[in-house]
Amino acid sequence: MALQRRQFMSAVIAAAAASFFDGTYRGATASEARDEITLQSARRVGAAYLGQRPDETGRENLMASLTRSLRETGISLPSGTSVTGLAEGFSELIRADFASGRTVIIEGWVLSESECRLCALHAAV
């Protein structure tokens, strides 16, 4: 099944946003098969990232890195657990990563550090 980068990252951001606060993700879309493939891919990207950055291994380290990046870029996430609000905040952080050159190459994909951390966070759940 071909998966576009935008679809992949939308699913990853939603899953990671949901897990950012409570550590759970419950897929609720019509195409659960595509979602599962996407989430497996996210886990693979996350594992590859942690292979490059073993100092970020662990949910606490990843959350600390994401929180630090949010603070450094001046992006604030909404209070509560609104997945939509969290996803928008993370999308903004990802754009800031690309603008600042904070990128990582994983399996030929150029991803922002935050994208990789979100994938790794999902893989750690």
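Just so you know, these numbers come straight off a predicted model, no measurement behind them.
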If you take all heavy atoms of V110 and F98, which pair is closest and at what distance?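 Looking at all heavy atoms of both residues, the shortest contact is O-CZ, 3.8 Å.
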Atom pair [atom1]/[atom2] of [X] and [Y] - distance to nearest 0.5 Å:
{"X": "C119", "Y": "I106", "atom1": "SG", "atom2": "CD1", "answer": "8.5 Å"}
{"X": "R117", "Y": "R53", "atom1": "CZ", "atom2": "CZ", "answer": "6.5 Å"}
{"X": "L50", "Y": "T57", "atom1": "CG", "atom2": "OG1", "answer": "4.5 Å"}
{"X": "S114", "Y": "D97", "atom1": "OG", "atom2": "CG", "answer": "3.5 Å"}
{"X": "L111", "Y": "I105", "atom1": "CG", "atom2": "CD1", "answer": "9.5 Å"}
{"X": "L121", "Y": "S65", "atom1": "CG", "atom2": "OG", "answer": "10.5 Å"}

I'd like to check [X] versus [Y] (side-chain heavy atoms, cut-off strictly below 4.5 Å). Are they in contact?
{"X": "V45", "Y": "W109", "answer": "no"}
{"X": "Q52", "Y": "V104", "answer": "yes"}
{"X": "L118", "Y": "L66", "answer": "yes"}
{"X": "R102", "Y": "T73", "answer": "yes"}

Quick one: side-chain contact (heavy atoms from CB on, under 4.5 Å) partners of E92, sequence neighbours excluded? I75, R95
Once salt bridge (charged side-chain N to carboxylate O under 4.0 Å, His left out) is applied, what residue pairs with a partner in residues 63-74 remain, sequence neighbours excluded?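 Those involving residues 63-74 do not exist here.
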Are the side chain of E115 and the backbone of S112 linked by a donor-acceptor contact shorter than 3.5 Å?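 Yes, the answer is positive, given that a donor and an acceptor are paired below the 3.5 Å cut-off.
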Could you walk me through whether E113 and Y49 pass the side-chain hydrogen bond (donor to acceptor under 3.5 Å, both in side chains) test, one step at a time? CA-CA 9 Å; E113 284 184 345; Y49 174 73; 5.4 Å; no
